[in-house]
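Scroll down for the structure; my scribbles are underneath it.
All values below were derived from every heavy atom in this structure, side-chain atoms included, with hydrogens, water molecules and symmetry-related copies excluded. Each residue takes its place number in the sequence, starting with 1.
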Amino acid sequence: MIRKAILIIAIQLSVLSTLYAQSLSEQIGGIKTHFQLYSLTTNLDASEQMLVLRAETKHYSDETYAAGWGFGYRSYHLEFITQKELNDQRLPYSIGKARYTRLKLTFYNANKDILASFMIPFERVDRQSNPSAKGGPFFYSIDLINIPLVLLGQTAAIDMVEMVANRK
């Protein structure tokens, strides 16, 4: 009887210590990733990165008709921490083309072949930092909606460039 009690206590302690040893990202279902992250030729040297399933909401309103609408969805986000900001490229401003800031994502395999490239609205990128701290850290969360997850399974490196409309 005493042996059974000791065995049960030992099992409970090992299970509890395992649960507490998990990081926050693991506890919320985050999947650690090991992509090489670049911005043009700059290695972002991400100190931590993961994929996490998040809920998103979008809402719009029309002041003229006093109406509004909204919707929600779930999508995977690539989240990472870096000490470097994303590099940007200027695009000519023209109607129907490059009117808004976008993020260009280019996915590479282990042989450095381009697998795919996407331009997404920069509103799908959450970037946080401490403005009083020079040189970061910068926290990024990129909504990967409409990007096939099987592509990520083949990806070794991702290049990210902020494409900014040049409004001259």
D62 side chain near T64 side chain, heavy-atom distance below 4.5 Å | yes
Please indicate whether F139 has more than 12 foreign heavy atoms, meaning atoms of other residues, nucleotides or ligands, lying under 6.0 Å from its CZ.
-> yes
Check whether any side-chain heavy atom of K84 lies under 4.5 Å from a side-chain heavy atom of D45, and answer yes or no.
-> yes
Is the number of heavy atoms from other residues, nucleotides or ligands under 6.0 Å of Q154 CD greater than 12?
-> no
When the ring planes of F138 and Y140 are compared, do they come out parallel, tilted or perpendicular, using 30° and 60° as the limits?
-> tilted
To the nearest 0.5 angstrom, please state how far the OG1 atom of T33 sits from the CD1 atom of I158.
-> 7.5 Å
Between D143 (side chain) and H77 (backbone), is there a donor-acceptor pair under 3.5 Å?
-> no
Nearest-0.5 Å distance, CD1 of residue I145 to CZ of residue R74 | 12.0 Å
Is any side-chain heavy atom of E85 closer than 4.5 Å to a side-chain heavy atom of S129?
-> no
For residues 114-124, pull every pair meeting salt bridge (charged side-chain N to carboxylate O under 4.0 Å, His left out), keeping only residues two or more places apart or in separate chains.
-> none
Determine, using the 4.5 Å side-chain heavy-atom cutoff (strictly less than), whether L105 and V125 are members of one ILVMFWY cluster.
-> yes
Quick one: does I81's side chain get under 4.5 Å of E48's, heavy atoms only?
-> yes
First locate atom NE2 of H34, then atom CE of M50, and finally report the distance between them rounded to the nearest 0.5 Å.
-> 13.0 Å
Working to the nearest 0.5 Å, report the span between CE of M163 and CZ of R90.
-> 11.0 Å
Are F122 and Y60 linked, directly or through other ILVMFWY residues, by side chains that come within less than 4.5 angstrom of each other?
-> no
Examine distances only and state if a side-chain atom of S39 and a backbone atom of N87 form a donor-acceptor pair shorter than 3.5 Å.
-> yes
Going only through I, L, V, M, F, W and Y residues with side-chain contacts under 4.5 Å, is there a path from Y73 to L144?
-> no
Just wondering, do L78 and L152 contact through their side chains at under 4.5 Å, heavy atoms?
-> no
Could you give the distance from CG (L149) to CD1 (I31), rounded to the nearest 0.5 Å?
-> 8.5 Å
Residue pair N146, F118: steps toward the side chain to side chain contact (heavy atoms under 4.5 Å, CB included) verdict = CA-CA 10 Å; N146 297 332; F118 297 91; over 6 Å; no
Quick one: do M160 and I114 end up in the same hydrophobic cluster if we chain Ile, Leu, Val, Met, Phe, Trp and Tyr together by side-chain heavy atoms under 4.5 Å apart?
-> no
Shortest non-hydrogen pair, Y108 vs L115, comes out as C-CD1, 3.9 Å
Side chains of L86 and L103 in contact at under 4.5 Å (non-hydrogen atoms) = yes
Quick check: are there more than 12 heavy atoms from other residues, nucleotides or ligands sitting under 6.0 Å from NZ of K58?
-> yes
Verify, without hydrogens or angle tests, whether E79 (side chain) and V52 (backbone) share a donor-acceptor contact under 3.5 angstrom.
-> no
Interatomic distance, I142 atom CD1 to R127 atom CZ [nearest 0.5 angstrom] | 10.0 Å
Is there a donor-acceptor contact under 3.5 Å from the side chain of K104 to the main chain of S117?
-> no
State yes or no: do F80 and L151 share one hydrophobic cluster built from I, L, V, M, F, W and Y residues joined by side-chain heavy-atom distances below 4.5 Å, directly or via other members?
-> yes
Flag side-chain contact, heavy atom, 4.5 Å: T82 against L37 = no
